[in-house]
Number of protein chains: 2
Amino acid sequence: MTDSTVVPLQALKVSCSNCTLRELCLPLGLNREEMTRLDAVIRQSRRLKRGEALFRSGEGFKSLYAVRTGFFKTCISSQDGREQVTGFHMSGELMGLDGISANVHGCNAVALEDSEVCELPFSRMQNLALEIPSLQHHFYRLMSREIVRDHNVMMLLGNMKAEERLAAFLINLSQRLTVRGFASNDFILRMSREEIGSFLGLKLETVSRTLSKFQQQGWIAVDHKHIQLVQPEQLKQLVAGCANAHPTPNH
Amino acid sequence: MTDSTVVPLQALKVSCSNCTLRELCLPLGLNREEMTRLDAVIRQSRRLKRGEALFRSGEGFKSLYAVRTGFFKTCISSQDGREQVTGFHMSGELMGLDGISANVHGCNAVALEDSEVCELPFSRMQNLALEIPSLQHHFYRLMSREIVRDHNVMMLLGNMKAEERLAAFLINLSQRLTVRGFASNDFILRMSREEIGSFLGLKLETVSRTLSKFQQQGWIAVDHKHIQLVQPEQLKQLVAGCANAHPTPNH
DNA sequence: CGCGTGATTGAGGGGATTCAAATGTTGTGG
DNA sequence: CCACAACATTTGAATCCCCTCAATCACGCG
């Protein structure tokens, strides 16, 4: 049970300076003064319930959003209704970068659990970036990182088998949880089998079967959405061959 | 036979102001004075022969490159040698954006025919962007456009069948040729069947078979690398259903 | 408690791959 | 300029991986 109504809105005013995600998110590399100026641009956070859309494809683009807490998917859909999940997003990650190009959001962003985001009005961000070179630079890097990530997804979709895709998916989740200080070998999936499948270019039955296969081999333990990586080395080994030969170092 | 040695290097000094690709490339939206300042940053163009690499994954990142003439592929490879073509690039298109994130190139860029590129030293670009807001903005838009493109490729790789992928590929090529003033229904493929397959997540045999199928149906005429779109409407119809429901408007 | 949604598992089918051979093309050196 | 080698493409046949269709099961929620 959430109790957001009890908290006065002022309390939701966020500041990068105090944020635990400082080292993951946009403010990385800024000094105190610069961060204070960034604080002034960031709107108070917005709360979303599970299933709620943060923005939808085709809507006017005004802001980027950083995940504070919770979990999101972004997806695009075709005219005949096929859906492609383009990413899953956890705390500290930016959404909406694809909206800059045409000033219109290019995907749907949907909360997969009750979540909270920081809103970054893009035009103000842009102006600030003109005055703070390291912000401009970091922002270029964030966009570039998204491009690198997308290219790795292309490799996954274009060259990898079902088992490799799923192993890569689990290892990737695990690593991102580690960075955020969560247990990396014991977690709850926020998305359905169908959403995993949509991201990985597989059908939900194939996802389910492959998870079962991993479990039979003793590599993982599956209890519905609760996943434990029992032998993560085995998964890593499965992914080793098909992983990018020149992985992008982080920072 | 190329005769680049006959041309003095000075003659290769390029300028955005006079460039026919002005409206497609980086300078879009700049005024005369701003464009002159951009000219000062852009290094003289570099010529590459067919098969030559412009840069390679892992090399230090210093510059972006804009295609002046010719045709490129960019690709990443996995540790066990699988290759994923991440894109094909023609005149006016930028390469190297994925290198910004880690200051290291994230892919190989290889000329598929004798080509010429403009070099854009990134740090100087960055400084200029601080002084010319519209340049900064346009650059964000270019990076965002790359992200949108990548998401559409994910849709292609994740949801489309072989025929749909190839039709989408041909229509996309055709449209990009149109914008550049080339014949849009009669062109020479610069890449091999294998490279097309690598981009589309298919094997070269499947590409070949599918082209033959299109030809049998009278939709295209295939003579090795020479392709004619006889009934492009048929191809478009095949792609219509699986196309992005909210296509990004250009500019 | 019963319903609906999501997940699992099985059987069968199909689209793309793999293996293979033949043909055509391009580039090189004599 | 031709001959030859190396490479690219086409096409066929057989296989396999994943998908489709379907039934069952488990859980959560009113």
Side-chain angles (χ1 to χ4, degrees), chain A residues 1 49-51 73 81-85 110 112-114 156-170 188-217 220-227 238 242, chain B residues 1-2 49-52 73 80-85 110 112-114 156-169 188-217 220-227 238 242:
Chain A
M1 178 167 112
K49 280 184 258 177
R50 191 162 94 90
K73 70 168 176 181
R82 303 179 223 181
E83 181 174 292
Q84 176 69 39
V85 170
V110 178
L112 297 181
E113 60 177 330
D114 293 357
L156 182 144
L157 292 171
N159 275 302
M160 289 163 65
K161 302 207 169 297
E163 293 190 11
E164 296 170 331
R165 296 184 197 190
L166 203 55
F169 170 73
L170 292 172
I188 307 290
L189 294 177
R190 259 52 237 220
M191 69 297 280
S192 69
R193 301 289 190 266
E194 187 169 17
E195 287 162 334
I196 297 174
S198 172
F199 181 60
L200 298 179
L202 302 170
K203 293 294 154 183
L204 67 96
E205 296 95 327
T206 305
V207 173
S208 181
R209 263 184 261 271
T210 308
L211 285 174
S212 299
K213 201 179 292 179
F214 286 167
Q215 180 165 235
Q216 275 183 341
Q217 288 171 300
I220 69 176
V222 183
D223 177 28
H224 303 101
K225 305 219 155 183
H226 180 197
I227 303 282
L238 188 56
C242 44
Chain B
M1 173 167 123
T2 60
K49 280 183 258 176
R50 193 162 92 91
E52 204 179 337
K73 70 169 177 181
D80 59 8
R82 302 178 226 182
E83 181 174 292
Q84 176 68 38
V85 171
V110 179
L112 297 183
E113 59 177 333
D114 293 358
L156 182 144
L157 292 171
N159 275 302
M160 289 162 66
K161 302 207 171 297
E163 292 190 11
E164 296 171 330
R165 295 185 198 190
L166 202 56
F169 171 73
I188 306 291
L189 293 176
R190 259 53 237 220
M191 70 295 278
S192 68
R193 301 288 190 265
E194 187 168 17
E195 286 161 334
I196 297 174
S198 172
F199 180 59
L200 298 178
L202 301 170
K203 294 293 156 186
L204 69 96
E205 295 95 330
T206 306
V207 173
S208 179
R209 264 185 261 272
T210 307
L211 285 175
S212 300
K213 202 179 293 177
F214 285 166
Q215 180 165 234
Q216 275 183 340
Q217 289 171 301
I220 68 175
V222 183
D223 176 29
H224 305 100
K225 307 222 156 184
H226 179 197
I227 303 283
L238 189 57
C242 45

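Since this is a predicted model, take the numbers as computed values, not measurements. Heavy atoms only: backbone and side chains are in, while hydrogens, waters and symmetry mates are out. Note on naming: letters A, B, ... go to the chains in the order of the sequence lines (proteins, then strands), and numbering restarts at 1 for each one.
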Look at the side-chain N and O atoms of [X] and state whether any lies under 4.0 Å from the OP1 or OP2 oxygen of [N].
X      : N      : value
B:H224 : C:dT25 : yes
A:S208 : C:dA7  : no
B:K225 : C:dT25 : no

Practice task
Could you tell me whether the side chain of B:D114 and the main chain of B:R50 form a donor-acceptor pair under 3.5 Å?
Solution key: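 Yes, because the side chain of B:D114 sits within donor-acceptor range (under 3.5 Å) of the backbone of B:R50.
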Does any non-hydrogen side-chain atom of [Y] lie less than 4.5 Å from one of [X]?
X      : Y      : answer
A:E163 : A:K213 : yes
A:E194 : A:V207 : no
A:K161 : A:C242 : no
B:R165 : B:L157 : yes

Interatomic distance, [X] [atom1] vs [N] [atom2] [rounded to whole Å]:
X      : N      : atom1 : atom2 : result
B:L189 : D:dT10 : CG    : P     : 10 Å
B:R165 : C:dA16 : CZ    : C1'   : 10 Å
A:Q215 : C:dA7  : CD    : C1'   : 13 Å
A:K161 : C:dT17 : NZ    : C1'   : 8 Å
B:E164 : C:dA16 : CD    : C1'   : 14 Å
B:L202 : D:dT9  : CG    : C1'   : 16 Å
A:L200 : D:dC19 : CG    : C1'   : 15 Å
A:Q216 : C:dT8  : CD    : C1'   : 12 Å

Answer with base, sugar-phosphate or nothing: what part of the nucleic acid does [X] contact at a heavy-atom distance below 4.0 Å?
X      : answer
A:G197 : nothing
B:R50  : sugar-phosphate
A:S192 : sugar-phosphate

Exercise for the section: For B:L204 and for A:S212, find the nucleotide of DNA chain C with the closest heavy atom, then tell me which residue's nucleotide is more 5'. Expected result: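 That would be A:S212.
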Exercise for the section: Measure the angle between the two terminal helix axes of the helix from C:dC1-D:dG30 to C:dG30-D:dC1, five base pairs each, and quote it to 10°. Expected result: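 Between the first-five-pair axis and the last-five-pair axis there is 40°.
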Practice task
Report, as yes or no, whether the 6.0 Å neighbourhood of atom CD on A:E83 holds more than 12 heavy atoms from other residues, nucleotides or ligands.
Solution key: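 Enclosed.
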Practice task
Consider the side chain of A:K203, meaning its heavy atoms from C-beta on, and name the nucleotide among C:dT18, C:dA16, D:dC19 that approaches it most closely.
Solution key: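 Out of C:dT18, C:dA16, D:dC19, the nucleotide with an atom closest to A:K203's side chain is D:dC19.
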Practice task
Go through D:dC18, C:dT8, C:dA16 for me and flag the one nearest to the A:R193 side chain.
Solution key: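 It is C:dT8.
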Problem - From A:T206, A:L202, A:T210, residue fulfilling side chain to side chain contact (heavy atoms under 4.5 Å, CB included) relative to A:L166 - result: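 That would be A:T210.
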Handout entry: SB check A:R190 A:E113 (cutoff 4.0 Å)
Key =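 Yes, this pair counts.
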Exercise for the section: Please figure out whether B:R209 or A:E205 has its closest DNA chain D nucleotide nearer the 5' end. Expected result: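 Nearest nucleotide further toward 5': that of B:R209.
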